[in-house]
There are 2 protein chains.
Amino acid sequence: MNRRGTYAKGAAKREEILVVALEVVAKRGCRKATLSEIAERVGLTQPGLTHHFSSREELFQEVLRARDTRDHAEYNPPNRGFDGFLAVMRHNMEVPGLVQLYAEFAAEASIPDHPAHDFFVERYAWVRGVIAAAIGRSQEQGEMGLDLDVAEAADLIVVAADGLQVQWLHDPTTDMLGRLSRMWALLRRSSWSVGDAGPGDEPAGTGLIP
Amino acid sequence: MNRRGTYAKGAAKREEILVVALEVVAKRGCRKATLSEIAERVGLTQPGLTHHFSSREELFQEVLRARDTRDHAEYNPPNRGFDGFLAVMRHNMEVPGLVQLYAEFAAEASIPDHPAHDFFVERYAWVRGVIAAAIGRSQEQGEMGLDLDVAEAADLIVVAADGLQVQWLHDPTTDMLGRLSRMWALLRRSSWSVGDAGPGDEPAGTGLIP
DNA sequence: GTCTATAAAAGGATAGAC
DNA sequence: GTCTATCCTTTTATAGAC
């Protein structure tokens with residue numbers, strides 16, 4: 001531990017930057033949050049900040065990564081299942097800045113050559129996996145039918161959660177937890193087989209498959 | 001029609017700008033799309049463009065408004081119900097630029113004092129209403145139970161659609177239509193009463209309501 | 001309705017000192 | 001690890017001519 005003043009200090013500053021970056025995003029929005037303002041708020045110049053995070057995109061990506069790491073450790077101990085996911089969403093309602101950053105940056109990064117594109121693709125896969133595991137656990141306990149298409153069900157939970165967060169940002173009275181619980185309940189009660197109305201199928205008469 | 005050269009020309013240029021703005025957004029993303037590039041592509045200078053749309057936010061908002069107007073006329077003639085909604089989503093898959101703009105700009109506008117904030121709040125209410133009407137129609141036809149909470153069900157469809165679009169931007173193999181059809185099927189098969197597991201309720205043991 | 005010109009600001013990147 | 005200094009680029013906004 002003789003690295004005090006170098007490594008330790010650097011790591012602490014990094015943490016501080018991540019926190020302050022979030023505050024600036026919460027106030028200005030992801031688009032209008034600038035490196036200079038963040039730097040100033042942590043008592044650095046803009047080039048000083050760049051030493052820690054070499055670009056705006058890297059910084060925001062790391063803010064979100066740190067969030068995931070902490071949230072997962074805090075709310076998703078092994079096998080907590082859907083309750084853990086709900087707990088994360090409940091926590092999200094106390095940190096609108098994070099939700100705002102997530103929604104805006106994820107959308108911005110949807111363009112294929114965005115620096116954070118791969119981060120989000122991997123993150124989505126990870127989240128779907130977490131939810132799929134929760135569904136699997138629910139199946140083991142007999143709460144959900146074994147004929148449920150787990151991947152599809154997990155997808156629906158994840159996209160509903162994402163969509164809900166944007167709605168909630170626009171209207172904070174949105175009942176995210178209630179809506180997600182309902183979504184979960186729908187899946188719990190349903191029972192379907194692949195040949196029934198599987199992925200890609202459509203209601204008859206839609207005309208989507210000419 | 002003696003206004004050729006003034007009103008007519010202005011309106012035509014406006015339309016052209018809306019189209020080109022979309023192309024630039026599709027290429028660069030909403031954040032990186034600039035008034036100057038759009039102006040150049042329509043053969044105007046940036047101040048020339050500003051004459052038609054006084055800000056970036058107004059321009060993007062009008063692109064989305066024009067889209068809604070056209071889509072609604074094209075795919076949602078009275079009482080087409082859920083099929084009409086699916087048709088809009090199918091059409092969206094042919095215009096990723098629009099989906100990209102919608103996702104990114106909606107997230108950006110989630111901050112309360114954003115110029116387009118109200119536009120999105122009103123738009124969400126409108127879309128929810130459209131879906132709620134489709135559900136109501138489905139109930140009349142006996143396809144959906146009368147005990148369905150229409151507002152809640154409509155919400156779930158809308159947020160799932162929004163979330164799906166972002167997922168699809170990141171991974172174009174995402175089966176948006178299949179997922180939405182499944183969502184609809186879940187609601188069709190379900191049957192719930194308000195006291196059963198109504199909005200705001202949670203699974204037992206979640207601890208979300210201390 | 002569109003231009004030129006210019007403002008006025010700000011964004012992010014980089015080289016080199018300490 | 002942080003600063004100063006500087007650079008280049010870009011962005012939006014505005015005033016006034018045609």
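Keep in mind the model is a prediction, meaning the values are calculated, not measured.
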Residue-phosphate contact under 4.0 Å: B:T45 side-chain N/O, C:dT2 OP1/OP2: no
C:dT2 phosphate, OP1 or OP2, under 4.0 Å from B:H51 side-chain N/O: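 For B:H51, the contact criterion (side-chain N or O under 4.0 Å from OP1 or OP2 of C:dT2) is not met.
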A:F119 ring center near A:H114 ring center (under 6.0 Å): no
Atom-to-atom span, [atom1] of [X] to [atom2] of [N] - whole angstrom:
X: B:L49; N: C:dC3; atom1: CG; atom2: C1'; result: 13 Å
X: B:F53; N: D:dT12; atom1: CZ; atom2: P; result: 15 Å
X: B:K13; N: C:dC3; atom1: NZ; atom2: C1'; result: 13 Å
X: B:H52; N: D:dA13; atom1: NE2; atom2: P; result: 16 Å

Side chain to side chain, B:R137 and B:E143, heavy atoms closer than 4.5 Å: no
cation_pi(A:R80, A:Y75) dist<6.0 Å, angle<=45: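 So A:R80 doesn't make the cation-pi contact.
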Ring geometry between B:H170 and A:H117 (parallel below 30°, tilted from 30 to 60°, perpendicular above 60°): parallel
Side-chain donor/acceptor of A:S110 to backbone N/O of A:A106, under 3.5 Å: no
Footprint string (nucleotides 11-18 of chain C, 5' to 3'): B base within contact, S backbone only, - free, heavy atoms under 4.0 Å: SBBB----
Indicate every side-chain donor-acceptor pair of residues 17-31 of chain B with a distance under 3.5 Å to a residue at least two apart or in another chain.
from: B:R28; atom 1: NE; to: B:E37; atom 2: OE1; distance (Å): 2.7
from: B:R28; atom 1: NH2; to: B:E37; atom 2: OE2; distance (Å): 3.4
from: B:R31; atom 1: NH1; to: A:R31; atom 2: O; distance (Å): 3.0

